[in-house]
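Have a look at the structure below, then the notes.
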Amino acid sequence: GENVEQHPSTLSVQEGDSAVIKCTYSDSASNYFPWYKQELGKGPQLIIDIRSNVGEKKDQRIAVTLNKTAKHFSLHITETQPEDSAVYFCPSWGKDSNYQLIWGAGTKLIIKP
Amino acid sequence: KAGVTQTPRYLIKTRGQQVTLSCSPISGHRSVSWYQQTPGQGLQFLFEYFSETQRNKGNFPGRFSGRQFSNSRSEMNVSTLELGDSALYLCASFGGRSDTQYFGPGTRLTVL
């Protein structure tokens with residue numbers, strides 16, 4: 001079945017530096033790849049998404065790149081700020097998802113002041 | 001447009017009791033999914049409803065059940081609570097032409 005892996009599991013960066021989180025999926029027929037941010041005590045919030053007919057998408061300090069051949073996509077955050085500290089997820093609609101998003105364990109991003 | 005709402009936000013129960021959680025999706029969304037999230041874990045899929053029908057179910061015991069009403073509001077029920085059921089329960093809705101699931105704030109359940 002579908003499996004989603006995120007790397008790294010924890011990422012600590014200095015405020016102002018860039019952060020990159022990579023997501024690999026095993027078998028997805030989906031053409032839609034979202035990134036969610038979850039702050040402590042809150043539900044996940046969509047921050048950016050990309051479709052397979054697009055290689056890169058940018059929204060201010062956040063960008064996502066997709067390599068569907070290699071089955072991975074990455075989240076890039078530039079000029080990190082304290083409010084970027086959160087857990088980031090990259091769920092995927094698997095080939096046999098049957099209306100179920102497959103979620104990885106997430107990446108905890110820590111922004112050091 | 002109002003977002004996904006969940007009630008209650010916090011709940012404390014004791015072992016053996018049962019609990020019902022409620023979720024109101026975004027207006028116009030007919031699909032509602034439920035997830036369990038324990039500390040440090042990703043989201044574990046419980047079940048998904050569409051137009052009052054359960055379309056998919058995760059690997060949880062039968063103590064976990066749900067339903068959806070004609071107005072798309074959904075409830076999930078956990079009977080005979082165990083300590084391990086303590087978690088954040090999240091509800092998400094999607095619909096229309098969007099592939100995006102929108103999440104509510106969650107219900108924090110503590111079982112003592």
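So you know, we letter chains A, B, ... as the sequences are listed, proteins then strands, and number each from 1. This is a predicted model, so every value here is computed, not measured.
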Going hydrophobic residue to hydrophobic residue with side-chain gaps under 4.5 angstrom, can you get from B/Met76 over to B/Leu81?
yes
Sort B/Phe47 into side chain, backbone, both or neither according to what part of it lies under 4.5 angstrom from a heavy atom of chain A.
neither
More than 12 heavy atoms of other groups within 6.0 Å of A/Glu79 CD
no
Measure the spacing between CH2 of A/Trp103 and CD of B/Gln101 and express it to the nearest 0.5 Å.
6.5 Å
Can you check whether anything in residues 104-112 of chain B gets within less than 4.5 Å of chain A, heavy-atom wise, and list it by number?
B/Gly104, B/Pro105
Give the interface residues of residues 57-69 of chain B toward chain A, defined by a heavy-atom separation under 4.5 Å.
none
Test of understanding: clusters of I, L, V, M, F, W, Y form through side-chain heavy atoms closer than 4.5 Å, transitively. Do A/Phe33 and A/Ile48 belong to the same one?
yes
Checking B/Gln44 against chain A: side chain, backbone, both or neither under 4.5 Å from a heavy atom?
neither
Among residues 83-91 of chain B, residues within the sub-4.5 Å heavy-atom range of chain A, in order of number, are B/Leu88, B/Leu90
Between B/Phe50 and chain A, with a heavy-atom cut-off of 4.5 Å, which part of the residue counts as in contact: side chain, backbone, both or neither?
neither
Would you say A/Tyr36 and B/Phe45 are hydrophobically clustered, going by side-chain heavy atoms of ILVMFWY under 4.5 Å?
yes
If you round to the nearest 0.5 Å, how far is CG of A/Leu46 from CZ of B/Phe94?
13.5 Å
Against chain B, work out which of A/Arg51, A/Lys108, A/Gln6 has the most heavy-atom pairs shorter than 4.5 Å and name it.
A/Arg51
Would you say B/Leu11 ends up clustered with B/Trp34 if hydrophobic residues are merged whenever their side chains have heavy atoms under 4.5 Å apart, either directly or through other cluster members?
yes
Would you find more than 12 non-hydrogen atoms of other residues, nucleotides or ligands less than 6.0 Å from B/Arg73 atom CZ?
yes
Would you kindly confirm whether A/Ile50 and A/Ile21 end up in one hydrophobic cluster when ILVMFWY residues are joined by side chain heavy atoms under 4.5 Å apart?
yes
For B/Thr100 and A/Tyr32, run side chain to side chain contact (heavy atoms under 4.5 Å, CB included): C-alpha distance rounded to whole Å, both residues' side-chain angles, the deciding distance at 0.1 Å, then the answer.
CA-CA 9 Å; B/Thr100 303; A/Tyr32 175 70; 2.4 Å; yes
Please classify the contact of A/Pro44 with chain B as side chain, backbone, both or neither, using a heavy-atom distance under 4.5 Å.
both
Under 4.5 Å, heavy atom to heavy atom, which residues of residues 83-90 of chain A contact chain B?
A/Phe89
Answer yes or no: does atom CD of A/Gln14 have more than 12 heavy-atom neighbours from other residues, nucleotides or ligands under 6.0 Å?
yes
Residues, nucleotides or ligands: over 12 heavy atoms within 6.0 Å of B/Lys13 NZ
yes
